[in-house]
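The block underneath contains the structure these notes are about, expressed in structure tokens.
Atoms within each ligand, like the ligands themselves, are counted from 1 in listed order. Given the structure is predicted, the values throughout are model-derived calculations rather than measurements.
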Amino acid sequence: MSEPHPCLGCGACCAAFRVDFSLHELDEMGGTVPAGLAVEVTGSTWRMRGTDHLPTRCAALTGKVGEKAACGIYEWRPNPCRELEAGSDACTRARARHNLRPLQGF
Ligand code: SF4
Ligand code: SF4
């Protein structure tokens, strides 16, 4: 039996960093990200709502970080979320902010 993926339930990176992405990723521009969950930063750059708040938490995140968190728009999330790799330095920093240990074996 394989181990569940460590991101399942974690969500620390969704509650640690600003998440900026291109205007063209918005659903209303032909992309996938629901515009209602994002705010405009500049004409060409948008940000997931809540990711520049303190405490930081993406508006699309559901559940409790480190226990039962999930992305409510997983299939439609923007590129920065797709690119952040489990076990990367950013992952480790995000987890540390939530008192979670670094992933092992990634
Ligand atoms: S990439 Fe790291 S911080 Fe983000 S959900 Fe996965 S394990 Fe958690
Ligand atoms: S869109 Fe989803 S994966 Fe990206 S930061 Fe928000 S909750 Fe996390």
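For atom 6 (Fe) of ligand 2, the count of nearby protein N/O/S atoms, taking only those under 2.8 Å, is 1.
Between Met48 and Phe21, the closest side-chain pair of non-hydrogen atoms falls below 4.5 Å. Side-chain contact between Leu37 and Ile73 is present, with at least one heavy-atom pair separated by less than 4.5 Å. No side-chain heavy atom of Trp76 sits less than 4.5 Å from a side-chain heavy atom of Glu25.
The pair Asp20-Arg47 meets the salt-bridge criterion, with a side-chain N (NZ, NE, NH1 or NH2) lying under 4.0 Å from an Asp/Glu carboxylate O.
With a 4.0 Å cut-off on non-hydrogen atoms, Leu103 touches ligand 1 through its side chain and not its backbone.
Here the side chain of Arg57 pairs a donor or acceptor atom with the backbone of Leu61 at under 3.5 angstrom. Without hydrogens or angle criteria, Thr51 side chain to Val19 main chain gives a donor-acceptor distance under 3.5 Å. At least one donor-acceptor pair closer than 3.5 Å links the side chain of Arg82 to the backbone N or O of Arg77. No donor-acceptor pair closer than 3.5 Å links the side chain of His53 to the backbone N or O of Pro55.
The neighbour count for Glu40 CD, taken as heavy atoms of other residues, nucleotides or ligands under 6.0 Å away, is above 12. When the shell of 6.0 Å around CD of Gln104 is examined, it contains 12 or fewer heavy atoms from other residues, nucleotides or ligands.
In this structure, the protein non-hydrogen atom closest to atom 5 (S) of ligand 1 is Gly11 N, 3.5 Å. Protein heavy atom closest to atom 6 (Fe) of ligand 1, with residue, atom name and distance, is Cys7 SG, 2.3 Å. Protein heavy atom closest to atom 8 (Fe) of ligand 1, with residue, atom name and distance, is Cys10 SG, 2.3 Å. In terms of protein heavy-atom proximity, atom 2 (Fe) of ligand 1 is nearest to Cys91 SG, 2.4 Å.
With ligand atoms numbered from 1 in the order given, ligand 1 contributes 1 (S) to contacts under 4.0 Å with heavy atoms of Leu84. Near Arg95, meaning under 4.0 Å from any of its heavy atoms, are these atoms of ligand 1: 3 (S), 7 (S).
Not one N/O/S atom of Cys13, from backbone or side chain, sits under 2.8 Å from atom 2 (Fe) of ligand 1.
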